[in-house]
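In what follows, a structure is listed as structure tokens, so that the remarks can point back to it.
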Amino acid sequence: DVKVTQSSRYLVKRTGEKVFLECVQDMDHENMFWYRQDPGLGLRLIYFSYDVKMKEKGDIPEGYSVSREKKERFSLILESASTNQTSMYLCASSFSKAYEQYFGPGTRLTVT
Amino acid sequence: KNQVEQSPQSLIILEGKNCTLQCNYTVSPFSNLRWYKQDTGRGPVSLTIMTFSENTKSNGRYTATLDADTKQSSLHITASQLSDSASYICVVSSTPSGTYKYIFGTGTRLKVLA
């Protein structure tokens, strides 16, 4: 079974802090994605990566950056956390662009 | 504008009853359509995937239909169980200009009562 793990289930940070969210997949998938999920808005794509050291902006990249130094690991970075970044963050991976996305359990981030 | 709309937003049914969730989309070009189940506090898990030429796809008690002409899909749940309580998300994939995009609906929250 594909397994996508995220470093934390719950996280509380203060405004202005730099926040790192880590995601690891164990199926050698090429593609990895970061989403945020807010009530009534559905999942919105922040960034995605089709290969190591490759990244592309999604629909809402402002205030975020990403890093993919190894194929299995994709990190989301909040450079200076703000209260409007309080959300559920979901990581996903897929074998290729047309294939099913497998999601991690999510990280619920609260910025106070 | 590419959009995926789901209805109803929420639904409450009694255990053992059937229900149908709707997904209408205005996505072009269309690649495929997936239904995901998301338990509270968890990541979504794929239930079915349908391509342009497929009308019906089943996964146990879940049956998805697709009408590519009217751009509508439905997810029918038969003999509901308490464990079916979750959000159900419709996702349409598109391949504009060689890229690949996933367009997510906002989901239907289903509650099954004993």
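Quick note on labels: first sequence line is chain A, next is B, and so on, each numbered from 1.
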message: Once ring pair (Phe, Tyr, Trp, His ring centres under 6.0 Å) is applied, do any residues pair with A:Tyr47, and if so which ones, sequence neighbours excluded?
response: none
query: Side-chain heavy atoms under 4.5 angstrom apart, residues restricted to Ile, Leu, Val, Met, Phe, Trp, Tyr: same cluster for B:Ile103 and B:Met50?
result: yes
field: Pair listing, salt bridge (Lys or Arg N to Asp or Glu O under 4.0 Å) test, anchored in residues 81-97 of chain B, at least two apart
entry: B:Arg61-B:Asp84
query: Should A:Val4 and A:Leu109 be regarded as members of a common hydrophobic cluster, given that ILVMFWY residues are connected when their side-chain heavy atoms come within less than 4.5 Å of each other, either directly or indirectly?
result: no
query: Is it the side chain or the backbone of B:Gln9 that comes within 4.5 Å of chain A heavy atoms, both, or neither?
result: neither
- prompt: Hey, any chance B:Ile13 and B:Leu82 share a hydrophobic cluster, counting ILVMFWY side chains that come within less than 4.5 Å of each other, even indirectly?
  reply: yes
task: Measure the OH-OG distance between A:Tyr102 and B:Ser46 for me, rounded to the nearest 0.5 Å.
output: 7.5 Å
statement: Heavy atoms of B:Tyr102 and A:Gln101 approach each other most closely as CE1-NE2, 3.3 Å
field: Under 4.5 Å from any heavy atom of chain B - which part of A:Asp38
entry: neither
- prompt: Can you tell if the side chain of B:Lys101 reaches within under 4.5 Å of the side chain of A:Phe48, non-hydrogen atoms only?
  reply: no
statement: Residue from A:Gly42, A:Cys91, A:Pro39, A:Ala92 scoring the most non-hydrogen pairs under 4.5 Å with chain B is A:Gly42
task: Please identify each residue that fulfils salt bridge (charged side-chain N to carboxylate O under 4.0 Å, His left out) with B:Glu15, with sequence neighbours left out.
output: none
query: Going hydrophobic residue to hydrophobic residue with side-chain gaps under 4.5 angstrom, can you get from B:Leu75 over to B:Phe30?
result: yes
query: Would you say B:Pro44 and A:Tyr35 make side-chain contact, with heavy atoms under 4.5 Å?
result: no
message: Quick check on A:Arg9 against chain B: is it the side chain, the backbone, both or neither that has a heavy atom closer than 4.5 Å?
response: side chain
message: Using 0.5 Å steps for rounding, measure from the CZ atom of B:Arg42 to the CE atom of A:Met88.
response: 9.5 Å
statement: Among residues 104-114 of chain B, those lying within the under-4.5 Å heavy-atom range of chain A are B:Phe104, B:Gly105, B:Thr106
Per-residue contact mode, A:Leu90 against chain B (heavy atom under 4.5 angstrom): side chain
query: B:Leu47 and B:Leu11: same hydrophobic cluster, using ILVMFWY side-chain contacts below 4.5 Å?
result: yes
